[in-house]
Amino acid sequence: ETGVTQTPRHLVMGMTNKKSLKCEQHLGHNAMYWYKQSAKKPLELMFVYSLEERVENNSVPSRFSPECPNSSHLFLHLHTLQPEDSALYLCASSREGVRAGGTGELFFGEGSRLTVL
Amino acid sequence: AQSVTQLGSHVSVSEGALVLLRCNYSSSVPPYLFWYVQYPNQGLQLLLKYTTGATLVKGINGFEAEFKKSETSFHLTKPSAHMSDAAEYFCAVRYSGSARQLTFGSGTQLTVLP
């Protein structure tokens, strides 16, 4: 496989469930990202892992928990979510670390469509 | 605060007509500039990017964009729209600074009418 792969593509969960989204990049990149895309709203950067450093958006609720075991894999653990958390969750990677030089070009996965009932 | 502005959240054109999607950024220092396209239920795909050099940048699917420093703009154009161009388009900018992440515009939904 090439590029950035996200699983599952679709997920329906209840508010009391615990689930995880998975992202894998096959590009040899040094940084990985989680974005949230809700209808009628701009892309929201949730978390960045860059060379094992985590950079996060302080407005992200604690019910979202990222994990980056190595430079190729990124998880988003979900628990006790709310209906307003329903959205498309996009994973991306970039060649450079966040604080390095370079263009910062992002390579996106296909997204995981999450529905919280 | 540094920002990216896309004028027009919805743009409709007829098939075969010129496509013009507008993007303005706020910085006195030329940043890196990108256009991404998103088809329904898919991720974002890079259309084109400006880093350095020639200010007119050609991308995939017949799109191009021109970096105009004096106008702080990076508008996306295509001479003749095709039905398959219907999608959402995002302008993104990377500014210099300690946290060099991309800043995205709010997106423009392009509709192509038959």
Side-chain angles (χ1 to χ4, degrees), chain A residues 3-11 21 23 25 27 30-51 53-58 87-115, chain B residues 1-10 23-27 29-54 57 59-60 65 67 74 87-109:
Chain A
V4 180
T5 305
Q6 290 188 240
T7 55
R9 291 293 312 278
H10 300 273
L11 178 63
L21 305 180
C23 178
Q25 60 98 358
L27 301 168
N30 290 309
M32 297 184 75
Y33 307 71
W34 280 117
Y35 281 87
K36 178 183 178 182
Q37 187 177 35
S38 304
K40 312 293 184 184
K41 292 184 179 180
L43 277 169
E44 176 188 353
L45 178 62
M46 301 176 71
F47 301 101
V48 183
Y49 274 88
S50 173
L51 299 172
E53 171 193 4
R54 185 170 102 184
V55 177
E56 57 190 280
N57 181 344
N58 291 329
L88 182 67
Y89 289 84
L90 293 165
C91 176
S93 69
S94 65
R95 182 175 294 111
E96 309 89 359
V98 171
R99 302 187 192 281
T103 68
E105 178 182 345
L106 293 176
F107 294 74
F108 285 87
E110 297 282 280
S112 293
R113 172 70 63 185
L114 173 66
T115 302
Chain B
Q2 296 169 331
S3 63
V4 182
T5 303
Q6 290 185 240
L7 288 177
S9 58
H10 290 84
C23 174
N24 288 87
Y25 63 92
S26 62
S27 173
V29 178
Y32 296 127
L33 297 155
F34 306 82
W35 275 101
Y36 284 86
V37 60
Q38 185 180 31
Y39 298 101
N41 294 314
Q42 294 189 21
L44 277 67
Q45 177 185 0
L46 182 71
L47 266 181
L48 50 78
K49 63 183 177 185
Y50 169 79
T51 54
T52 59
V57 181
I60 61 172
F67 167 58
F74 191 56
E88 187 152 25
Y89 292 80
F90 293 91
C91 180
V93 180
R94 190 190 197 199
Y95 295 104
S96 60
S98 60
R100 301 180 182 180
Q101 300 152 18
L102 292 192
T103 300
F104 283 88
S106 54
T108 298
Q109 181 68 47

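All chains are named by letter (A, B, ...) in the order of the sequence lines, taking the proteins before the strands, and each is independently numbered beginning at 1.
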Participant: State the CD-CZ distance between A/Gln37 and B/Phe104, to the nearest 0.5 angstrom.
Facilitator: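 Answer for the CD-CZ pair, A/Gln37 versus B/Phe104, is 9.5 Å.
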
Participant: Looking only at atom types and distance, does a side-chain atom of B/Tyr36 sit under 3.5 Å from a main-chain N or O of A/Phe108, one as donor and one as acceptor?
Facilitator: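 Side chain of B/Tyr36 to backbone of A/Phe108: no pair is present.
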
Participant: Which bit of B/Leu46 is near chain A, if near means a heavy-atom gap under 4.5 Å: side chain, backbone, both or neither?
Facilitator: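 Side chain only.
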
Participant: Using every non-hydrogen atom in the two residues, find where A/Tyr35 and B/Leu102 come nearest and quote the distance to one decimal.
Facilitator: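 What the structure gives for the nearest pair is OH-O, 4.3 Å.
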
Participant: Nearest 0.5 angstrom please: B/Asn41 CG to A/Arg9 CZ, how far?
Facilitator: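 That separation rounds to 7.5 Å.
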
Participant: For the residue pair A/Leu90 and B/Gln38, establish whether any side-chain heavy-atom pair is separated by less than 4.5 Å.
Facilitator: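 The answer is yes, as the side chains (C-beta and beyond) meet within the 4.5 Å cut-off.
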
Participant: Between CG of A/Leu106 and CG of B/Leu44, what distance do you get to the nearest 0.5 Å?
Facilitator: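 The CG atom of B/Leu44 is 9.0 Å from CG of A/Leu106, to the nearest 0.5 Å.
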
Participant: Quick check on B/Gln109 against chain A: is it the side chain, the backbone, both or neither that has a heavy atom closer than 4.5 Å?
Facilitator: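 Contact with chain A involves no heavy atom of B/Gln109 at all.
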
Participant: Tell me, side chain or backbone of B/Tyr39 under 4.5 Å from chain A's heavy atoms, or both, or neither?
Facilitator: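 The answer is neither part of B/Tyr39.
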
Participant: How many angstroms lie between CZ in A/Arg113 and CD in B/Gln42, if you round to the nearest 0.5 Å?
Facilitator: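 Result: 12.0 Å between the selected atoms.
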
